[in-house]
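This structure is a prediction, so every number in the text was calculated from the model and none was measured.
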Protein chains: 2
Amino acid sequence: MIQVSPHPEKAFSGSNNLNIVDFARICKALGHPARVRIIQHLRSMDGCICGNIVEMLPLAQSTVSQHLKCLKNAGLIQGNVDGPRTCYCLNKDVLERFRQGIDELTV
Amino acid sequence: MIQVSPHPEKAFSGSNNLNIVDFARICKALGHPARVRIIQHLRSMDGCICGNIVEMLPLAQSTVSQHLKCLKNAGLIQGNVDGPRTCYCLNKDVLERFRQGIDELTV
DNA sequence: CCTTTTTATCGTATTTTTACGATATACGAT
DNA sequence: ATCGTATATCGTAAAAATACGATAAAAAGG
């Protein structure tokens, strides 16, 4: 992917500190219905097991695992290993900075 | 792309009326640094000529045209033909509904 | 130790995205 | 009519995303 600017400048003027590449990465991570569903679900549950997410979606377990990885790479969620399971939850700091970025872009 | 649910349900509970597929499409459209730059630029200019956007980005004219098409398909911008030129501007309604969707997802 | 459960990763096929140059189109000006 | 300017589209190559089944890994329970 081409980097629009060689230096990862701040994406926005305000207090949030997401550069434009990170901001776009988060948008991209939210750019698939299944991943939006996952975020919605985690928001309502305040953390839940991977298998629970797999049940919720009409997708193979390996595919869901891939989507979770994508969300994790973007920083939107984190996974805490708990025995044989992984408990996923939202990364609220990142989510809040992202929301601020969207605000600056849209309001 | 798999549709997570056969019926395009509302993505969110509130007053915005974006279904989850449209919401994800907008996120995806914002999922590239060049397209975020375009939106930022249009926001600061309140409408501008395509060639202006091309100058701003280190990309070929045809590539920029493709990015503009992507943003237009997502509903984020609209292009008004003006003689040999096209003047692009933000679609503020869509942007506002999108912002509300992000709020519901993140706040 | 063996089995089961849970999740991640590998390998792979298909589709989509991203980028470019070349070309077509549409309009204004000469 | 012809030329130049501005933009969109076509063709195409390379990379990334998406999906699946199969397999690996890690922990708990018997």
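Spacing between atom CZ of B:Arg25 and atom C1' of C:dT16 amounts to 14 Å, rounded to whole angstrom units. Computed from coordinates, the A:Asn52 CG to C:dT6 P distance equals 11 Å when rounded to whole Å. Atom CG of A:Leu57 and atom C1' of C:dT7 are 15 Å apart (whole Å). Rounded to whole angstrom, the span from the NE2 atom of A:His32 across to the P atom of C:dT17 amounts to 11 Å. Protein atom NZ of A:Lys28 is 7 Å distant from nucleotide atom C1' of C:dT17, rounded to whole Å. Spacing between atom CG of B:Asn73 and atom P of C:dT18 amounts to 13 Å, rounded to whole angstrom units. What separates CD of A:Gln61 from P of D:dA25 is a distance of 15 Å, to the nearest Å. Following rounding to the nearest Å, A:Leu68 (CG) and D:dT18 (P) show an atom-to-atom distance of 13 Å.
Residue pairs meeting the salt bridge (Lys or Arg N to Asp or Glu O under 4.0 Å) criterion with at least one member in residues 68-80 of chain A, sequence neighbours excluded, do not occur. Residue pairs meeting the ring-ring contact (aromatic ring centres under 6.0 Å, His included) criterion with at least one partner in residues 48-95 of chain B, sequence neighbours excluded, are B:His32-B:His67.
Counting only heavy atoms from C-beta on, B:Leu59 has its side chain closest to C:dA19 among C:dA19, C:dT16, D:dA19. You'll find that the side chain of B:Ser65 is closest to D:dT9, out of D:dT18, D:dA16, D:dT9. Distances from the side chain of A:Ile49 to the nucleotides D:dG21, C:dT6, C:dA8 place C:dT6 closest.
Side-chain contact between B:Asp46 and B:Cys89: absent, with no pair of heavy atoms (C-beta onward) separated by less than 4.5 Å.
If you check D:dA13 for Watson-Crick or wobble pairing at under 3.5 angstrom, you find it paired to C:dT18.
Taking every heavy atom of residues 78-91 of chain A and every atom of DNA chain D, pairs under 4.0 Å involve A:Gly83, A:Pro84, by number.
Between A:Thr63 and the phosphate of D:dT18, there is no side-chain N or O to OP1/OP2 separation shorter than 4.0 Å. Under 4.0 angstrom from either OP1 or OP2 of D:dA17 there lies no side-chain N or O belonging to A:His67. When the side-chain nitrogen and oxygen atoms of B:Ser62 are compared with OP1 and OP2 of C:dG21, none of them lie within a distance under 4.0 Å.
The side-chain contact (heavy atoms from CB on, under 4.5 Å) search around A:Cys48 returns A:His41, A:Leu42, A:Met45, A:Asn52, A:Ile53, not counting sequence neighbours. With sequence neighbours left out, A:Ile39 forms a side-chain contact (heavy atoms from CB on, under 4.5 Å) with A:Leu30, A:Leu71, A:Leu76, A:Ile77, A:Leu90, B:Leu105. Listed by chain and number, the residues in a side-chain contact (heavy atoms from CB on, under 4.5 Å) with A:Val81 are A:Thr86 (sequence neighbours excluded).
At a threshold of 4.0 Å, the pair A:Asp93-A:Arg97 does not count as salt-bridged, since none of the basic side-chain nitrogens sits closer than that to a carboxylate oxygen.
Side-chain atoms of B:Gln66 and base atoms of D:dA8 include no donor and acceptor less than 3.5 Å apart.
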